[in-house]
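Keep in mind that this is a model prediction, so the values were computed, not measured.
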Amino acid sequence: MGWEYSEKTKELFMNAVQGKPGSHLGEIENPDGVGEHGSIACGDALRFTFRVERNEEDPTKDVIVAAKYLTFGCTSAIAASEALCCIVESRRVTPIEALSITNEEIVHFLEGLPQQKIHCSVMGAEALTAAVFDWARRRGVALDALGIESHTEEEDKGRMVCKCFGMSEPYIKRKIKELNLHTIPEITGAIKAGGACGSCHHAPGGLQDLLNEVWGTGKAEPTSAANGFPTLAMATPNTGGNEPEKELQAPTSPLSPYQKAKKIEQVIESYIKPLLQKDGGSLEIVDIKDNVVYVELSGACAHCAGATQTLKHLVEKSLKAHIDDAIRVVQV
């Protein structure tokens with residue numbers, strides 16, 4: 001099943017991919033500010049550029065007059081990027097004023113986004129912020145003197161929590177506070193952390209621990225297929241007490257070929273396929289030979305430009321994490 005998008009979201013997306021006049025897909029030549037957020041390896045990436053009308057006496061009074069973007073992502077990512085450019089250009093804001101534009105404003109402009117696609121609006125706001133800091137560097141504007149702090153250095157040095165999407169502890173904790181996130185599904189929906197293999201959900205120092213640290217007390221809602229963010233979890237055997245669920249671990253002893261094939265089927269059916277189906281896609285196992293899993297993509301995934309990245313960084317990485325690091329996935 002595909003996502004239910006607003007008419008505004010669909011309109012902006014179609015205008016962009018068809019290159020209609022007034023759309024913003026592309027890149028500003030000789031830009032005054034360049035900002036990037038995300039990673040192609042993670043399935044979403046955005047490069048945002050803008051040009052200003054310069055104020056030669058006071059660079060803080062430069063005004064953004066044109067904005068464009070290049071994005072590797074879904075319908076939501078393209079529409080959210082379009083919305084961001086429309087907001088920036090229509091307001092004729094200074095780069096510093098542009099920093100006040102939030103992801104909530106992007107969602108409002110789009111007349112709503114599915115909860116699991118909110119991260120696309122966050123990606124736009126983050127890319128805009130990065131572009132403003134680039135503009136400040138080029139124009140010699142000391143943003144720290146204006147009380148505006150960059151988090152780039154902090155994030156680069158932080159402990160990596162979500163390895164699938166390359167997100168550190170300081171970044172995740174900051175976004176938890178900024179976006180008022182209280183559950184693991186909310187974190188995944190807003191910034192994608194924990195949205196691939198799921199191993200960082202309840203690991204020591206993982207998403208649950210960060211939520212508890214930021215908000216003091218309370219437990220995040222359990223992630224399951226019912227709330228839209230399935231995790232690979234299985235109950236521990238009943239030993240007379242109520243033991244918590246544990247994430248599916250790679251077995252400690254070698255699996256037979258039959259056992260490995262059944263485990264691969266389990267991971268794909270219970271975890272990977274539900275994630276793909278939320279974007280209107282799916283896959284089927286064609287064959288399993290030793291450590292090579294041959295699959296066929298279907299639905300939206302069959303014609304997606306990011307299919308190779310999906311296989312590598314969702315399907316293969318999940319199977320490696322939960323079964324055997326030697327597994328490879330090949331599309332047929």
Asks: Using a 3.5 Å cut-off and no angle test, enumerate the donor-acceptor pairs between side-chain atoms of residues 129-137 and protein atoms at least two apart in sequence or in another chain.
Replies:
| unit_1 | atom_1 | unit_2 | atom_2 | d |
| --- | --- | --- | --- | --- |
| T129 | OG1 | A125 | O | 3.0 |
| D134 | OD1 | R137 | NH2 | 2.7 |
| D134 | OD2 | V34 | N | 2.9 |
| D134 | OD2 | R138 | NE | 2.7 |
| D134 | OD2 | R138 | NH2 | 3.2 |
| W135 | NE1 | D62 | OD2 | 3.1 |

Asks: Going by the salt bridge (charged side-chain N to carboxylate O under 4.0 Å, His left out) test, which pairs reach into residues 193-213, not counting sequence neighbours?
Replies: K173-E213
Asks: Taking the side chain as every heavy atom from C-beta outward, state whether I285 and Y294 have any atom pair closer than 4.5 Å.
Replies: no
Asks: Looking at every heavy atom in both L181 and L211, which two are closest together, and how far apart are they?
Replies: O-CD2, 3.5 Å
Asks: According to salt bridge (charged side-chain N to carboxylate O under 4.0 Å, His left out), who are the partners of R47, at least two apart in sequence or on a separate chain?
Replies: E27, E36
Asks: Looking at every non-hydrogen atom in both residues, tell me the closest pair between A193 and T188 and how far apart they are.
Replies: O-OG1, 3.0 Å
Asks: Side-chain heavy atoms under 4.5 angstrom apart, residues restricted to Ile, Leu, Val, Met, Phe, Trp, Tyr: same cluster for V292 and V267?
Replies: no
Asks: Between E296 and L283, is there a side-chain heavy-atom distance shorter than 4.5 Å?
Replies: no
Asks: Show your reasoning for whether side-chain contact (heavy atoms from CB on, under 4.5 Å) applies to V330 and V293.
Replies: CA-CA 6 Å; V330 176; V293 182; over 6 Å; no
Asks: Closer than 3.5 angstrom, by distance alone: can the side chain of E97 be matched with the main-chain N or O of T94 as a donor-acceptor pair?
Replies: yes
Asks: Is any side-chain heavy atom of C86 less than 4.5 Å from a side-chain heavy atom of H24?
Replies: yes
Asks: What are the two closest heavy atoms between I64 and A98, and how far apart are they?
Replies: CD1-CB, 4.1 Å
Asks: Less than 4.0 Å between a side-chain N and a carboxylate O, is that true for E284 and K273?
Replies: yes
Asks: Quick one: does E186's side chain get under 4.5 Å of H182's, heavy atoms only?
Replies: yes
Asks: Restricting to non-hydrogen atoms, name the atom on N55 and the atom on R139 that form the minimum distance, rounded to 0.1 Å.
Replies: O-NH2, 3.3 Å
Asks: Test of understanding: clusters of I, L, V, M, F, W, Y form through side-chain heavy atoms closer than 4.5 Å, transitively. Do V63 and L99 belong to the same one?
Replies: no
Asks: If you count heavy atoms of other groups shown closer than 6.0 angstrom to CG of D290, is the number above 12?
Replies: no
Asks: Does I323 belong to the same Ile/Leu/Val/Met/Phe/Trp/Tyr cluster as V286, with side-chain heavy atoms less than 4.5 Å apart forming each link?
Replies: no
Asks: Decide, yes or no, whether a salt bridge links R91 with E105 under the criterion of side-chain N to carboxylate O below 4.0 Å.
Replies: yes
Asks: According to a 4.5 Å side-chain heavy-atom criterion applied to Ile, Leu, Val, Met, Phe, Trp and Tyr, with indirect links allowed, do I172 and M160 form part of one hydrophobic cluster?
Replies: no
Asks: As a quick check of understanding, evaluate side-chain contact (heavy atoms from CB on, under 4.5 Å) for I288 and I264, giving each step before the final call.
Replies: CA-CA 9 Å; I288 300 174; I264 289 171; 4.1 Å; yes
Asks: Do K320 side-chain atoms and I327 backbone N/O form a donor-acceptor pair below 3.5 Å?
Replies: yes
Asks: Rounded to the nearest 0.5 Å, how far apart are CD1 of I148 and CG of D144?
Replies: 9.5 Å
Asks: Same cluster for I96 and I101 if Ile/Leu/Val/Met/Phe/Trp/Tyr side chains link at under 4.5 Å?
Replies: yes
Asks: Working to the nearest 0.5 angstrom, can you tell me the gap between S6 OG and E11 CD?
Replies: 9.5 Å
Asks: Taking the side chain as everything from C-beta on, heavy atoms only, tell me whether Y69 gets closer than 4.5 Å to I78.
Replies: yes
Asks: Any salt bridge (charged side-chain N to carboxylate O under 4.0 Å, His left out) involving residues 76-85? Give me the pairs, sequence neighbours left out, ordered by first then second residue.
Replies: none
Asks: Go through the structure and list residues passing salt bridge (charged side-chain N to carboxylate O under 4.0 Å, His left out) with E53, not counting sequence neighbours.
Replies: R92
Asks: Can you measure from CH2 (W215) to CD1 (I176) and round to the nearest 0.5 angstrom?
Replies: 8.0 Å
Asks: Considering all heavy atoms of both residues, which atom of C120 and which atom of A77 are nearest to each other, and what is their separation?
Replies: SG-N, 3.5 Å
Asks: Taking it one step at a time, do K263 and Q259 satisfy side-chain contact (heavy atoms from CB on, under 4.5 Å)?
Replies: CA-CA 6 Å; K263 190 70 69 175; Q259 291 173 321; over 6 Å; no
Asks: Mind checking the CG-CD spacing from L207 to E169? Nearest 0.5 Å is all I need.
Replies: 11.0 Å
Asks: Supply the atom-to-atom distance N15 CG to K10 NZ, rounded to the nearest 0.5 angstrom.
Replies: 13.5 Å
Asks: Can you give me the closest heavy-atom contact between I106 and S121, atom names plus distance?
Replies: CD1-O, 3.6 Å
Asks: Checking E316 side chain against V329 main chain: does a donor-acceptor pair fall under 3.5 Å?
Replies: yes
Asks: Under a 4.5 Å cut-off applied to non-hydrogen side-chain atoms, are K260 and D324 in contact?
Replies: yes
Asks: For atom CD of Q18, decide whether the heavy atoms of other residues, nucleotides or ligands shown that lie under 6.0 angstrom number more than 12.
Replies: yes
Asks: Would you give the length of the straight line joining atom CG of L128 to atom CG of L84, rounded to the nearest 0.5 angstrom?
Replies: 5.5 Å
Asks: Check the pair F13 / S76 against side-chain contact (heavy atoms from CB on, under 4.5 Å), numbers first and verdict last.
Replies: CA-CA 8 Å; F13 170 74; S76 304; over 6 Å; no
Asks: List the residues meeting side chain to side chain donor-acceptor pair (under 3.5 Å) with S298, not counting sequence neighbours, and say none if there are none.
Replies: none
Asks: Just wondering, do F50 and P95 contact through their side chains at under 4.5 Å, heavy atoms?
Replies: yes
Asks: Check whether any side-chain heavy atom of V65 lies under 4.5 Å from a side-chain heavy atom of V52, and answer yes or no.
Replies: no
